[in-house]
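Data first, discussion second: the structure below is written as structure tokens.
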Amino acid sequence: MASGTPILTEKGREAVKTPQVNLTARCRSVLVQIDGKRSLDEVRNSLRGLEGLEEAIKKLTDEGYVNLAQDCRDIIKDAALKILGAKSPTINRKIDELHTRYGDGCWTHLDELDKAARLFYGADVAENLKQEFVRILKKYGK
């Protein structure tokens, strides 16, 4: 499942102005929700219940109507999802909480995230999360 902040490309902006024959009503519903500020999760929430939503998002990104911008926080949250699966919302809420409290400086407070991970998932899983988070942060120079 893709994540990040969807941004309309020139092709996407044109498709919003002039409906494209090759785009379904579902795809158009997604396109009009994209403002470059809301995350893909927020767009999904606004279209909750729309059948074929993920396929529409994939089509729009694959065919160049939408680009997905990802900041470090999105990448970290994706890593948590891959490691934890359905159990990831707890740690992702903690990531959002830290980001709200400290802004982009939140990555200097990984010890708080590690403490929460150990509490909810145990030492082994928390250590795996920490190693992956540190690897990602080094890659992005945070």
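By the rule that hydrophobic residues join a cluster once side-chain heavy atoms approach within less than 4.5 Å of another member, Ile7 and Leu60 end up as members of separate clusters. Following chains of ILVMFWY side-chain contacts shorter than 4.5 Å, one can reach Leu98 starting from Leu110, so the two form part of one hydrophobic cluster. When hydrophobic clusters are built by joining Ile, Leu, Val, Met, Phe, Trp and Tyr residues whose side-chain heavy atoms come closer than 4.5 Å, directly or via intermediates, Leu53 is grouped together with Ile34. Leu47 and Leu40 end up in the same hydrophobic cluster when Ile, Leu, Val, Met, Phe, Trp and Tyr side chains are linked at under 4.5 Å. Both Ile95 and Ile136 belong to a common hydrophobic cluster when Ile, Leu, Val, Met, Phe, Trp and Tyr are linked at side-chain heavy-atom distances under 4.5 angstrom.
Considering only heavy atoms from C-beta on, Leu129 comes within 4.5 Å of Leu84 through its side chain. Counting heavy atoms from C-beta on, the side chains of Cys27 and Gln20 never come closer than 4.5 Å. Under the 4.5 Å side-chain criterion, counting only non-hydrogen atoms from C-beta, Ile75 is not in contact with Arg73. Considering only heavy atoms from C-beta on, Glu54 comes within 4.5 Å of Arg44 through its side chain. Side-chain atoms of Arg118 and Asp114, non-hydrogen and from C-beta on, do get closer than 4.5 Å to each other.
The minimum heavy-atom distance between Asn22 and Lys59, with the atom names listed, is O-CE, 3.3 Å. The two residues Glu55 and Gly52 have their closest heavy-atom pair at OE1-CA, 3.0 Å. When all heavy atoms of Gly85 and Pro89 are compared, the closest pair comes out as O-CD, 4.5 Å. When all heavy atoms are compared, the tightest approach of Pro6 to Val43 is CG-CG2, 4.3 Å. Heavy-atom minimum distance, Arg135 versus Glu132: NH2-OE2, 2.6 Å. For the pair Thr5 and Gly36, the tightest heavy-atom approach, listed with the atom from each and the gap, is CG2-O, 3.4 Å.
The pair Arg26-Glu51 fails the salt-bridge criterion, with no side-chain N (NZ, NE, NH1 or NH2) lying under 4.0 Å from an Asp/Glu carboxylate O. Using a 4.0 Å cut-off between charged side-chain N and carboxylate O, Glu97 and Arg101 make a salt bridge. Between Lys130 and Glu127, no side-chain nitrogen of the basic residue sits less than 4.0 Å from a carboxylate oxygen of the acidic one, so the salt-bridge criterion is not met. For Arg93 and Asp96, the salt-bridge test fails: no basic side-chain N is under 4.0 Å from an acidic carboxylate O.
With values rounded to the nearest 0.5 angstrom, Asn92 atom CG is found 14.5 Å from Lys87 atom NZ. Here OG1 of Thr9 is found 11.0 Å from CD of Glu63. Values are rounded to the nearest 0.5 Å. Distance CZ/Phe133 to CH2/Trp107: 7.5 Å, rounded to 0.5 Å. Between the CZ atom of Phe120 and the NZ atom of Lys115 there is a distance of 11.5 Å, given to the nearest 0.5 Å. Atom OG of residue Ser39 and atom CG of residue Asn45 lie 8.0 Å apart, to the nearest 0.5 angstrom. The CG atom of Leu8 sits 11.5 Å away from the OH atom of Tyr65 when rounded to the nearest 0.5 Å.
Atom NZ of Lys58 is surrounded by 12 or fewer heavy atoms from other residues, nucleotides or ligands within 6.0 Å. With a 6.0 Å radius and a threshold of 12 heavy atoms from other residues, nucleotides or ligands, Asp124 has its CG atom at or below the threshold.
Without hydrogens or angle criteria, Thr18 side chain to Ala15 main chain gives no donor-acceptor distance under 3.5 Å.
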